[in-house]
Amino acid sequence: MLLNDLFIVDDWQPGTGVLTARLHLRFPHPIFDGHFTGRPVLPGACLVQLVAELAVSVAGSEVRLIRAGQVKFITMVDPVRDGSIMITLMGKAEAGEWPVTANALNWGATCFRFKGVFRAGSDYAG
């Protein structure tokens, strides 16, 4: 889990089908040791994992990503320059699946976009 380890929640605003969270990166953190030496950046996989962990919080149960339609890393997140991220998740359950869109801001500019579908449960077989 990255929440409360790599990411600290500064603000949390849930709504019906929407969650907005302001997060702060814990720096230094071991994940930055190899990504990249002398120029730390947040690995993109951490943003995808963050969306999954926030989806669990909104859904109230464990979820599994079953489809990722769009994953765009627009700018690097530099924890030295600005270690805060504002992320918004939107989604609505449909027939046992939960389509989610997410948008993350760093420095007030979009750094990450995500569209995917989650399903309740932890099994990989679906």
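In this text, all values refer to a predicted model and were calculated from it rather than measured experimentally.
Note that the CG atom of L25 and the CD1 atom of I8 stand 9.5 Å from one another [nearest 0.5 Å]. Considering CZ of F7 and SG of C46, their distance stands at 6.0 Å, rounded to 0.5 Å. Of the inter-residue distances, the one linking L6 atom CG with H24 atom NE2 reads 10.5 Å to the nearest 0.5 angstrom. For the atom pair NZ of K72 and CG of L47, the computed distance is 15.5 Å after rounding to the nearest 0.5 Å. A distance of 9.0 Å separates CG of L42 from CG of N106, quoted to the nearest 0.5 Å. From L105, atom CG reaches atom OG1 of T88 across 6.5 Å, with rounding to the nearest 0.5 Å.
Scanning all heavy atoms of the two residues, the minimum distance from R113 to N103 falls at CG-OD1, 3.5 Å. Closest non-hydrogen pair, L89 versus V51, comes out as CD2-O, 3.9 Å. In plain terms, the two heavy atoms of V77 and C111 that are nearest each other are CG2-SG, 3.8 Å. Minimum heavy-atom separation, M86 to T20: SD-CG2, 3.6 Å. Between H35 and I31, the shortest heavy-atom distance links the atoms CB-O, 3.9 Å. Considering every non-hydrogen atom in both L2 and E53, the closest pair reads N-OE2, 2.7 Å.
Pairs engaging residues 97-112 under the salt bridge (charged side-chain N to carboxylate O under 4.0 Å, His left out) rule: R67-E97, E97-R119 [sequence neighbours left out].
Taking 4.5 Å as the limit, every side-chain heavy atom of P99 sits out of range of all side-chain heavy atoms of F118. At least one side-chain heavy atom of L3 sits under 4.5 Å from a side-chain heavy atom of L54. Put simply, the side chain of V100 does not reach to within 4.5 Å of the side chain of K115, judged on heavy atoms. Taking 4.5 Å as the limit, every side-chain heavy atom of L23 sits out of range of all side-chain heavy atoms of D10. Within the 4.5 Å cutoff, the side chain of V80 has heavy atoms near those of the F27 side chain. Residues L19 and M90 are not in side-chain contact: their nearest non-hydrogen atoms beyond the backbone lie 4.5 Å or more apart. Counting only heavy atoms from C-beta outward, the side chains of I85 and R22 never approach each other to under 4.5 Å.
Linking ILVMFWY residues whenever their side-chain heavy atoms come closer than 4.5 Å, directly or via other members, places L50 and V71 in the same cluster. M76 and V48 fall into different hydrophobic clusters, defined by Ile, Leu, Val, Met, Phe, Trp and Tyr side-chain heavy atoms under 4.5 Å apart, directly or through other members.
F114 pairs by the ring-ring contact (aromatic ring centres under 6.0 Å, His included) definition with nothing, not counting sequence neighbours.
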message: Set out, in order, the CA-CA distance, both residues' side-chain angles and the distance that settles side-chain contact (heavy atoms from CB on, under 4.5 Å) for T37 and F32, then state yes or no.
response: CA-CA 8 Å; T37 305; F32 295 108; over 6 Å; no

